Number of protein chains: 2
Amino acid sequence: MARARLQDVADRAGVSLATASRVLNGSARQPGPELVSRVRAAAAELGYVVNAQAQALARSRTGLLGLVVQDISDPYFSSIAAGAQAAAREHGRMVLLASTDRDPSAEHDAVAAFAAHRVDAVVVVGTRWSAEEDAPVAAELAAFEASGGRAVVVGQPLGPAVVVRPPNAEGAADLATALLAEGHRRFVLLSAASRVRTAQERAGSFAEAVTAGGGEVVEVVEREFSRDGGYAAGDRVAELARAAVADGLDAPCVFAVSDVMAIGLIARLRDIGVGVPRDVRVAGFDDIPTLHDHVPAVSTVHIPLEEMGRLAVAAAVSEDGADVGASVGHEVVLRESTAR
Amino acid sequence: MARARLQDVADRAGVSLATASRVLNGSARQPGPELVSRVRAAAAELGYVVNAQAQALARSRTGLLGLVVQDISDPYFSSIAAGAQAAAREHGRMVLLASTDRDPSAEHDAVAAFAAHRVDAVVVVGTRWSAEEDAPVAAELAAFEASGGRAVVVGQPLGPAVVVRPPNAEGAADLATALLAEGHRRFVLLSAASRVRTAQERAGSFAEAVTAGGGEVVEVVEREFSRDGGYAAGDRVAELARAAVADGLDAPCVFAVSDVMAIGLIARLRDIGVGVPRDVRVAGFDDIPTLHDHVPAVSTVHIPLEEMGRLAVAAAVSEDGADVGASVGHEVVLRESTAR
DNA sequence: TCGAGGACGGAATGCGCTTTCCGGTCTCAC
DNA sequence: GTGAGACCGGAAAGCGCATTCCGTCCTCGA
């Protein structure tokens, strides 16, 4: 039992294919009321469902939106995806999803697959990598735009894509300032490899503001940009805390460049009996939903993740493009984990 | 600058459209090596990208998989989605995503939209609702299957869909048994409205096992099936705890039918100074990733969420269908939150 | 009353690709 | 040497729909 085609509807209604099409699929030109109702009735009786593939081929627009994230199970990305999905629905677009497992080359594959499916636009979410690693996907996006698609990136610039920029530098600087104001002076940076641009932006800006404000970055620890990376940093951070005690210094304040790293770090510290904020102070970045119920409550920079997803989709579906307010706010949130 | 078409490739290679198609798009019949290389070269020079829409129309298979979840930003769903996405990638399928915001009627819309896009299969993830609320989407799925698609549901049966069933009853019963073995006797159920089938399955099975094991369910609290629902239950649970103290009874053990509810509950209890597990014991269900770093560590039933996503996709893409091992394991995990 | 212009339905073309035929060549067994 | 059969490339017929173009009829103004 195959799906009814538009031709079947037209036959049943005793009209031409063209008329049926005009009635059912939002044409500017509407046939007379009598025919309209006949066609609608026939469609209902046959349970007609338009074939979006055929429609896309004929119209050369698919109404599809490609969304590339680095890990859909990570709350950072799933929050952005939720916003993007909701916005897409409001704009009558469907979302094609790809999750790359943080592999830059998988990003390229995903964009290529989206291009094959002739998505109207593609949104790439997540940190950029080194120029070399970004090159293939940048080229792919350039080709995609050249053939009429629109590219949007949430993160750092990539090829010709419109950028929705998380306030990494501003947020990190404000966080540093706030922590300095609280009296912290000795900081540890928990960052990621230099190819992870988001980590670099946050760590760099934080360090700069710390120095400018009279504080000191006593060490930079680089680990994987993930919860487990934070966890892996725990032992080194504990050493630093012990050294501080031995030298009669204030407990160090760790700035983890993402909340998930901060959470991992705190987990390890707890495992080995290092108290937060007693022995070490910890701050993160993003204010992921998970954080709301974390103990201790973690100081961080709030970023409107869902809104960023919405903004990206708005830019992706807008006719002219660049006119979306592609900048978002942020807010430093000091909580228990950095209490002195 | 429009995309090159297959015809352009064929012209450039000096072969027919048919030959170019056979070379580039995985036909069983491969032309001679000379032509193959000519076609490949031409395609590379032109930057040819197949038009998946046209391919789908001609083949009447899209290679698309529709995934319906109730909230992509909820770790339960995003974990399942991650597994589904990974499996889809391995099977060479693309994922169309819809997030319904827990609205049954939005599920219907999503499935209808997927049907319009002629997805090869659709996977619906999440609790079923009342029969009345499920009816529209069930009918939609029936029509979808009748026209050659495959439907899979992760949760409870729905229309003709293949079911990947979370071990709700078994897990809840085992959890009850384990808690009884730990010496707990007085239980409170934190559940959701009866239309939420997952909550009912878990709560019902738990209560049964408790009674059978000589324990007692002293109260059933029904709230929204979410973190905020758990939070909202905090005050009532606190009252029950105080009453227990007043009566000289053991602190009650709350079984929250999902981890997110448990987390919300614990958050509220903390806010009002009720200790877990000191004054109230709390257990959840699912073992969402978030839980790993929660304080106190929460007792729960581990469910292989990613694997369920993978299984669902496996069922969706398999030729014959029902032969996937559509049942998954579970494991009771007792942690600090239920310590006596 | 007559002609111009507009509204309206339908035939036909094409979107880009797959796949079935079809005719021609080549190979091999007898 | 010859016929059967395998193999191979290409022509052409769709897949389901949007849309242009065309012919007809109706309306309205002069």
Side-chain angles (χ1 to χ4, degrees), chain A residues 1-40 42-43 46-64 115-120 147-149, chain B residues 1-40 42-43 46-64 115-120 147-149:
Chain A
M1 169 177 152
R3 290 266 183 200
R5 297 162 306 153
L6 188 55
Q7 182 69 66
D8 301 327
V9 175
D11 291 349
R12 184 173 187 108
V15 301
S16 77
L17 191 58
T19 300
S21 172
R22 288 196 264 253
V23 171
L24 295 176
N25 298 112
S27 163
R29 202 177 132 184
Q30 281 298 82
E34 156 68 11
L35 293 192
V36 167
S37 62
R38 284 225 314 269
V39 171
R40 287 202 196 290
L46 264 47
Y48 173 70
V49 176
V50 65
N51 185 327
Q53 306 287 325
Q55 215 167 38
L57 189 58
R59 288 211 257 241
S60 57
R61 286 189 314 104
T62 56
L64 252 33
H117 279 275
R118 296 298 190 270
V119 297
D120 297 335
S147 63
Chain B
M1 169 176 152
R3 290 264 184 201
R5 295 163 309 152
L6 188 55
Q7 182 70 65
D8 301 328
V9 175
D11 291 349
R12 184 173 187 109
V15 300
S16 77
L17 192 56
T19 300
S21 171
R22 289 196 265 253
V23 170
L24 294 176
N25 298 112
S27 163
R29 204 179 130 182
Q30 282 297 83
E34 157 69 11
L35 292 192
V36 167
S37 62
R38 284 223 317 265
V39 171
R40 287 202 197 292
L46 264 47
Y48 173 70
V49 176
V50 64
N51 184 327
Q53 306 286 326
Q55 214 167 39
L57 188 58
R59 289 214 256 243
S60 57
R61 285 187 315 103
T62 56
L64 253 35
H117 279 274
R118 297 296 191 268
V119 297
D120 298 335
S147 63

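Because the structure is a prediction, the values reported are computed rather than measured. Lettering follows sequence order; numbering is per chain, from 1. Every heavy atom of this structure was used, including side-chain atoms; hydrogens, water molecules and symmetry mates were not.
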message = If you assign each of Gln7(A) and Leu35(B) to its closest nucleotide in DNA chain D, which residue comes earlier from the 5' end?
response = Leu35(B)
ask   = In whole angstroms, how far is the P atom of dC17(C) from the CG atom of Asn51(A)?
value = 17 Å
key: Leu6(B) CG - dT18(C) P separation (whole Å)   = 6 Å
note = Atom CZ of Arg5(B) and atom C1' of dT18(C) are separated, to the nearest Å, by 16 Å
Protein-nucleotide distance (Arg118(A), atom CZ; dG16(C), atom P), rounded to Å = 8 Å
message = Both Ala58(A) and Pro31(A) contact DNA chain C. Taking the nearest nucleotide for each, which residue is further toward the 5' end?
response = Pro31(A)
task = Using a 4.5 Å cut-off on heavy atoms from C-beta on, say whether the side chain of Val49(B) contacts that of Arg3(B).
result = yes
inquiry  = I'd like to know if the side chain of Arg118(A) and the backbone of Val50(B) have a donor-acceptor N/O pair within less than 3.5 Å.
reply    = yes
Overall bend - the helix from dT1(C)-dA30(D) to dC30(C)-dG1(D), comparing terminal axes fitted on five pairs, nearest 10 degrees = 40°
query = Any side-chain heavy atom of Arg38(A) sitting closer than 4.5 Å to one from Leu35(A)?
reply = yes
task = Check whether any side-chain heavy atom of Val39(B) lies under 4.5 Å from a side-chain heavy atom of Leu24(B), and answer yes or no.
result = yes
query = Is the backbone of Leu57(A) close enough, under 3.5 Å, to the side chain of Ser60(A) for a donor and an acceptor to pair up by distance?
reply = no
Spacing between Gln53(B) atom CD and dC17(C) atom P, to the nearest angstrom = 11 Å
Rounded distance in Å - CZ (Arg22(B)) to C1' (dT19(C)) = 8 Å
ask   = Ser60(B) near the nucleic acid: base, sugar-phosphate alone, or nothing, with a heavy-atom cut-off under 4.0 Å?
value = nothing
task = Verify the distance criterion only: is there a donor paired with an acceptor across the side chains of Gln7(B) and Asp11(B) at less than 3.5 Å?
result = yes
query = What's the CZ-C1' distance between Arg61(B) and dT18(C), to the nearest Å?
reply = 11 Å
inquiry  = How many whole angstroms separate atom CG of Asn25(A) from atom C1' of dC15(C)?
reply    = 16 Å
remark   = CZ (Arg5(B)) and CG (Leu46(B)) are apart, to the nearest 0.5 Å, by 10.5 Å
inquiry  = Going 5' to 3' along DNA chain D, which are the first and last nucleotides with any atom under 4.0 Å from a heavy atom of chain A?
reply    = dG16(D) to dC21(D)
request  = Taking all non-hydrogen atoms of both residues into account, name the closest pair between Arg40(B) and Gln30(B) and its distance.
outcome  = NH2-NE2, 4.1 Å
message = Treating Gln53(B) as the side-chain partner and Ala54(A) as the backbone partner, does any N or O pair qualify as donor plus acceptor under 3.5 Å?
response = no
note = When Thr19(B) and Ala18(A) are each assigned the nearest nucleotide of DNA chain D, the 5'-most assignment goes to Thr19(B)
